[in-house]
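Down below is the structure, laid out as structure tokens.
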Amino acid sequence: MTTDNYTFQFSKSSKYLNSTLLIIPMILLFIGVYGGLMQTLFRAGIIQSDPFVGGDYYKGLTFHGVLNAIVFTTFFAVALGNALVPYSLKKQLNSKISWTSGIMMLVGSVLAAFVILLGEATVLYTFYPPLKAHPLFYVGLTLLVVGSWLASYNWVPIYLEWRKENKGKKTPLAVVGMFTTFIIWFIATLAVATEILTMLLPWSMGLVDEVNVMLARTLFWFFGHPLVYFWLLPAYVMYYSFLPKLAGGKLYSDMAGRLVFMMFILFSIPVGTHHQYMDPAIGANWKLLHGIFTFAVALPSLITAFTIAASLEYAGRQNGATSLFGWMGKLPYMDKEKWFFSYLITGLVIFIFGGIGGIINSSYQMNTVVHNTAWVPGHFHLTVAGPVLLAFLGGSLYLIGQFMNKEIRLKRTALIMPYIYTIGLFIMSYGLKIGGLKGMPRRTNTGASYANPDSILFQADWVPYINLSVVGGVIMFVGIVMFIASFFTTVFSKSKPGSDPDRPDVTFPISESLHDEEARWLRNFKPFIIIAVILIVLSYTPVIIDVLQATYGGSVPYSPNSPVPLR
Ligand code: HAS
């Protein structure tokens with residue numbers, strides 16, 4: 001696939017919508033990141049009260065998780081698709097549908113955030129019962145999800161039109177990646193929609209008294225694991241499409257990229273029970289089956305590791321490297337004009353460790369050691385708060401510059417931010433992971449208990465690891481402040497002279513591929529979707545039967561701050 005670096009003129013409506021989809025979640029992200037800093041300070045017992053959440057640790061944790069992991073990521077995935085799909089196909093989106101979807105997402109997110117702040121939805125980002133939220137929290141999340149569905153349906157007509165006009169041509173890889181992301185998202189969210197609409201909402205509205213906790217958890221994890229690939233895949237789109245070009249080279253294999261995306265459709269979903277290895281009711285044989293599929297879903301990431309490393313090696317050699325590993329030193333780590341490279345490369349390096357941790361988690365015996373300990377947040381900060389967040393931040397800054405027709409401001413600050421953030425992330429995750437291996441629990445206000453010498457729960461050997469997580473968390477926060485400074489000074493700066501500010505000429509650093517192999521069997525999504533559905537039915541039917549046959553009664557609501565039922 002050869003690509004010239006063309007520009008495509010977006011409509012005025014797309015400019016304003018995409019800028020809104022980038023700016024509002026960035027404000028929410030910053031509030032969420034502030035919540036993250038407060039988490040680490042609370043956990044270490046450095047502060048006793050954060051006025052923003054009224055001193056409620058679990059409210060702060062819910063706010064941090066929902067805003068950063070659910071709201072910000074969904075907005076960015078939609079904004080990237082709204083930009084990359086029309087750009088790659090050279091067609092305009094239907095602006096009415098785009099705006100309807102954007103408004104639904106905004107209203108839903110603000111509603112959910114507001115209810116959390118009122119203290120009516122202290123249910124953490126997994127919102128599993130018996131923790132109960134106000135009905136408006138569930139309504140807000142539903143609006144966010146349905147709005148994101150609508151955005152992706154809007155890409156379909158221009159894609160079909162493009163296919164009719166370009167018979168025999170390969171669909172651009174970035175478009176394949178964006179559709180893959182939303183195919184997985186659509187299938188996965190059907191389960192959480194069922195959970196919310198048939199179980200949590202009626203329970204929260206008082207229409208039923210009790211809820212089947214095991215069934216709700218199972219439906220949640222049907223959604224919850226593919227959710228992590230909904231986060232990861234927009235980053236993969238950027239690794240495959242942009243990184244080789246930014247590095248000064250080409251994508252090593254176009255076919256590998258297509259294979260990777262199709263493998264994610266197959267294996268992202270029939271794996272959710274690996275989050276429930278320690279749950280009762282589900283038979284060990286089905287946990288084993290989900291465990292095997294979990295190893296299968298690591299394969300596309302391993303293929304990505306080799307393909308992207310080969311692409312970077314090619315780039316390094318193009319930049320003058322001759323020795324075996326010399327290419328690693330010839331990449332544009334500190335090139336101010338290629339600041340975006342630093343966001344993608346740091347994420348990849350972090351993901352080596354995040355990925356290894358994932359494979360450890362998915363081994364049943366190892367999982368018995370790490371489940372529900374601080375190791376798990378250690379793992380997910382090395383994935384969602386590492387490669388995903390950094391790629392999304394770099395992508396947001398790039399997109400805002402393009403759509404608002406602005407030169408990026410504080411470029412050097414933007415360039416070094418990922419390195420500072422990465423140092424903080426490694427320190428924080430090391431503290432969480434080793435603390436977790438020593439038994440430190442997750443989702444616990446350690447500052448009020450284990451780190452407090454006056455408490456009977458005091459655990460002296462956890463304290464150094466709690467402190468490390470604080471040091472790392474503060475450095476990460478400094479990195480985010482640097483990013484926010486660059487992002488908002490760019491937003492409020494003057495537009496570049498010359499072109500029409502209302503109809504921006506947008507361009508992307510799309511990579512050519514070194515090996516442009518033909519694989520017709522990778523051209524069509526349908527067979528992969530059909531096989532995925534078969535795998536889901538085979539892997540989930542026995543799990544759901546087991547859960548339904550379990551004789552546990554339903555549960556009344558609990559609050560994380562109170563050990564007694566709410567009624
Ligand atoms: Fe995970 C728990 C297993 C990936 C997120 N995970 C979580 C939770 C989150 C999360 C949020 O099996 C906590 C949920 C909760 O709140 O309870 N995870 C895996 C496995 C993978 C994996 C097998 N996770 C992710 C990703 C996430 C994410 C991605 C977010 C985006 N995870 C688990 C399990 C649990 C779990 C269990 C349950 C734990 C429990 O008990 O509660 C795999 O997909 C990972 C495969 C990745 C690789 C790495 C490939 C490396 C690459 C980098 C190459 C580098 C280059 C750079 C080229 C094999 C691609 C070269 C450098 C130069 C300088 C040149």
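Indexing begins at 1, ligand by ligand and atom by atom, following the structure's order.
Only side-chain heavy atoms of Trp327 come within less than 4.0 Å of ligand 1; its backbone N, CA, C and O stay farther off. With a 4.0 Å cut-off on non-hydrogen atoms, Phe306 does not touch ligand 1 at all.
Within 6.0 Å of CZ in Phe306 there are 12 or fewer heavy atoms belonging to other residues, nucleotides or ligands. Within 6.0 Å of atom CZ in Phe293, more than 12 heavy atoms from other residues, nucleotides or ligands are found, so the atom counts as buried in its surroundings.
Between Trp185 and Phe223, the ring planes lie tilted relative to each other; the angle falls in the 30° to 60° range. Ring geometry, Phe220 versus Tyr128: the interplanar angle exceeds 60°, so the pair is classed perpendicular (tilted spans 30 to 60°).
Near Val388, meaning under 4.0 Å from any of its heavy atoms, are these atoms of ligand 1: 31 (C). Ligand-side atoms of ligand 1 in range of Thr294: 23 (C), range being under 4.0 angstrom from any heavy atom. Proximity to His371 (heavy-atom distance under 4.0 Å) selects the following atoms of ligand 1: 40 (C), 41 (O), 42 (O). For ligand 1, the atoms sitting less than 4.0 Å from at least one non-hydrogen atom of Trp231 are 11 (C), 30 (C), 31 (C), numbered in the order shown with element in parentheses. Each of the following atoms of ligand 1 lies closer than 4.0 Å to a heavy atom of Gly355: 45 (C), 47 (C), 48 (C), 49 (C). Near Val384, meaning under 4.0 Å from any of its heavy atoms, are these atoms of ligand 1: 30 (C), 31 (C). Close contacts between ligand 1 and Leu302 involve ligand atoms 59 (C) [criterion: under 4.0 Å to a heavy atom].
For atom 1 (Fe) of ligand 1, protein N, O or S atoms under 2.8 Å: 1 in total.
With Ala296, Ala247, Ser301 as candidates, the residue nearest to atom 60 (C) of ligand 1 on a non-hydrogen basis is Ser301. Of the candidates Leu344, Leu348, Ile303, Leu348 brings a heavy atom nearest to atom 56 (C) of ligand 1. By heavy-atom distance, the residue among Asn367, Leu312, Val370 lying nearest atom 61 (C) of ligand 1 is Leu312. Residue nearest to atom 2 (C) of ligand 1, selected from Arg442, His275, His274: His275 (by heavy-atom distance).
Annotation: side chain of Val33 is not in contact with side chain of His64 (no heavy-atom distance under 4.5 Å).
In terms of heavy-atom proximity, Leu425 sits nearest to Ala385 at CD2-O, 3.9 Å. Shortest non-hydrogen contact noted between Lys250 and Pro244 is C-CB, 3.4 Å. Heavy-atom minimum distance, Tyr138 versus Ala133: OH-N, 3.1 Å. Of all the heavy atoms in Ser268 and Tyr229, the pair that sits closest is OG-CD1, 3.6 Å. Here the shortest heavy-atom pairing between Leu389 and Ile480 reads CD2-CD1, 4.0 Å. Heavy-atom minimum distance, Tyr252 versus Thr307: CB-O, 3.7 Å.
Ligand 1 lies nowhere less than 4.0 angstrom from a heavy atom belonging to Phe230. Put simply, part of Tyr125 is less than 4.0 Å from ligand 1, judged by heavy atoms. Distances shorter than 4.0 angstrom do not occur between any heavy atom of Tyr277 and any atom of ligand 1. Every heavy atom of Met278 sits 4.0 Å or more from the atoms of ligand 1.
In this structure, CZ in Phe392 is found 15.0 Å from OH in Tyr343, a value given to the nearest 0.5 Å.
Sorted by first and then second residue, the ring-ring contact (aromatic ring centres under 6.0 Å, His included) pairs involving residues 354-390 (not counting sequence neighbours) are Tyr277-Tyr364.
When Leu382, Ile350, Leu348 are each tested for a side chain to side chain contact (heavy atoms under 4.5 Å, CB included) with Pro387, only one passes: Ile350. Remark: of the listed residues Phe525, Phe230, Phe264, Phe261, Phe230 is the sole one forming a ring pair (Phe, Tyr, Trp, His ring centres under 6.0 Å) with Phe182.
Checked against a 3.5 angstrom limit, the closest N/O atoms of Tyr229 and ligand 1 fall inside it.
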